[in-house]
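Comments concern the structure below.
Numbers for residues simply follow the sequence, beginning at 1. Treat the numbers as computed from the prediction; the structure is a model and nothing was measured.
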Amino acid sequence: MFLPAGSQDETGVLISNRLKASETFRQVVEKRNFKAISTPVVEYANTFTNEIAGMDLQNMLKWFNHEGEIEVLRPDWTAAVARAIAKQHPSFQKWSYQGSIFRNDKDGIESRQAGIEIVHADQFLGESECLLTAVQYLNTLNIDQYVIELGHTGIFETIIAPYSLKEAQEENLRIAMHDKRSDLVEQIVEEEGLLAIKDQLIQLIDAYGSKEILSTYHDLWHDQAELLKILNHLEQLIHLLEQTGETEVIVDLGRVKNLPYYDGIMFRGFLTSGGSICFSGGRYDKLYKQFKQETSAVGLAFDVDILAQHMVTEASRNKACILASPKTHAIAESLRKELPEAIVDIQYDVQADGVYDKLYKIIQENNQYKVVER
């Protein structure tokens with residue numbers, strides 16, 4: 001039987017790596033005082049498609065329930081966790097989760113994630129804890145070849161704020177910025193008569209790289225207090241990371257939000273080998289406005305599937321086979337302890353060579369059974 005597009009069977013090392021990544025994450029966040037939370041895999045669509053969350057229903061796996069309401073498989077953890085946390089006492093700030101999300105706009109319908117959310121905390125404290133947790137987790141997995149990227153939604157939004165763009169026009173411009181399409185950005189701003197900011201936006205598309213680029217923009221924005229405040233914020237986070245030994249930090253001043261509810265700092269982790277995004281996240285204070293709460297909220301999610309693909313697999317243990325029979329099967333089972341370092345299989349016959357590193361058989365000697373190598 002065939003599988004639906006985006007679904008796949010898996011075997012072997014990827015599953016083992018993913019289980020290891022999951023358990024390592026649990027240990028790391030538990031030691032950092034995160035409290036585990038889980039949400040149902042089936043939710044009402046409105047949790048994600050309301051005006052504030054703003055996600056696209058088209059990309060969700062959905063159906064009508066018997067009451068005519070639209071239900072979906074969980075397409076996003078942050079919005080789901082926000083719904084759950086909004087009912088919790090605000091004294092607890094740090095939450096962690098693990099599980100799948102389901103979207104039909106990706107290569108695979110199901111994506112496994114592990115993530116953290118920090119609410120009701122000092123803004124810089126929450127952002128710092130997110131990034132330092134990411135660093136510890138990746139290092140614990142022995143993944144040390146990565147780059148952390150920082151961006152901020154406020155840069156693009158501050159630049160376009162003086163202009164009364166319609167929602168659709170602003171979204172088109174945002175998409176063009178997100179895709180780094182300078183030609184499309186130029187076309188849109190010219191059509192909308194935004195010539196005053198054309199050069200600034202086009203320059204922003206290429207405004208990424210090492211922290212030195214912040215100095216350049218300090219000079220360019222010397223008279224724009226809001227933008228300078230953002231640059232100082234980015235510098236403060238970079239300084240913190242450098243103090244803890246992280247030097248591979250870059251900035252992307254032209255990055256725009258890829259989810260509607262982001263409203264501040266944004267961060268991503270790129271694996272040096274291949275450039276895959278292994279984690280992403282950011283600030284989303286406004287998401288809690290749907291629950292009539294004014295609070296701080298920041299989080300990030302790891303792509304566990306990506307991590308599993310890049311984890312260094314430990315040297316495999318020897319795979320041994322004990323040849324037995326129905327009569328000696330129980331005896332073979334009891335003799336596993338004689339091969340404590342090996343993966344041990346029991347078979348009655350071996351049809352192909354090379355399946356096992358070593359073959360053993362049971363012999364009887366002095367009225368006792370023992371395993372000997374064949």
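Formation of a donor-acceptor pair under 3.5 Å by the D345 side chain with backbone atoms of C321 is not found in this model. Listed for the T24 side chain is a donor-acceptor partner under 3.5 Å among the backbone atoms of K20. In this structure, the side chain of D303 does not engage the main chain of F279 through any donor-acceptor pair within 3.5 Å. N46 places no side-chain N or O within donor-acceptor distance of the main-chain N or O of T49, the cut-off being under 3.5 Å.
Judged purely by distance below 3.5 Å, without hydrogens or angles, the side chains of T47 and R83 never pair a donor atom with an acceptor atom. In the model, Q98 has a side-chain atom that pairs as donor or acceptor with a side-chain atom of S22 under 3.5 Å. A donor-acceptor contact closer than 3.5 angstrom is absent between the side chains of S296 and Q123.
Ring orientation note: the planes of Y137 and F302 are nearly perpendicular, at an angle over 60° on the 30°/60° scale. Using a 30° and 60° split on the angle between ring planes, Y288 and Y284 fall in the parallel class, below 30°.
Atom CD of Q368 has 12 or fewer heavy atoms from other residues, nucleotides or ligands within 6.0 Å.
The pair E338-K370 does not meet the salt-bridge criterion, since no charged nitrogen lies less than 4.0 angstrom from a carboxylate oxygen. A salt bridge is absent between D263 and R283; no separation between the charged side-chain nitrogens and carboxylate oxygens falls under 4.0 Å. Of the charged side-chain nitrogens involved, at least one lies within less than 4.0 Å of a carboxylate oxygen, so that E149 and R268 count as a salt-bridged pair. With respect to the salt-bridge test (charged N to carboxylate O, under 4.0 angstrom), the residues E186 and K198 qualify.
Note that CD of Q113 and CG of L300 are 10.5 Å apart. Values are rounded to the nearest 0.5 Å. We find the CZ-OG1 distance between F156 and T158 to be 10.5 Å, quoted to the nearest 0.5 Å. Note that the CD1 atom of I343 and the CG atom of D357 stand 8.5 Å from one another [nearest 0.5 Å]. Rounded to the nearest 0.5 Å, atoms NZ (K211) and CG (L241) are 11.0 Å apart.
If you chain together hydrophobic residues whose side chains sit under 4.5 Å apart, V304 and Y146 never meet in one group. Taken together through direct or relayed side-chain contacts under 4.5 Å among Ile, Leu, Val, Met, Phe, Trp and Tyr, V298 and V119 form parts of separate hydrophobic clusters. In the hydrophobic cluster analysis, where Ile, Leu, Val, Met, Phe, Trp and Tyr join through side-chain heavy atoms closer than 4.5 angstrom, V256 is grouped together with I265.
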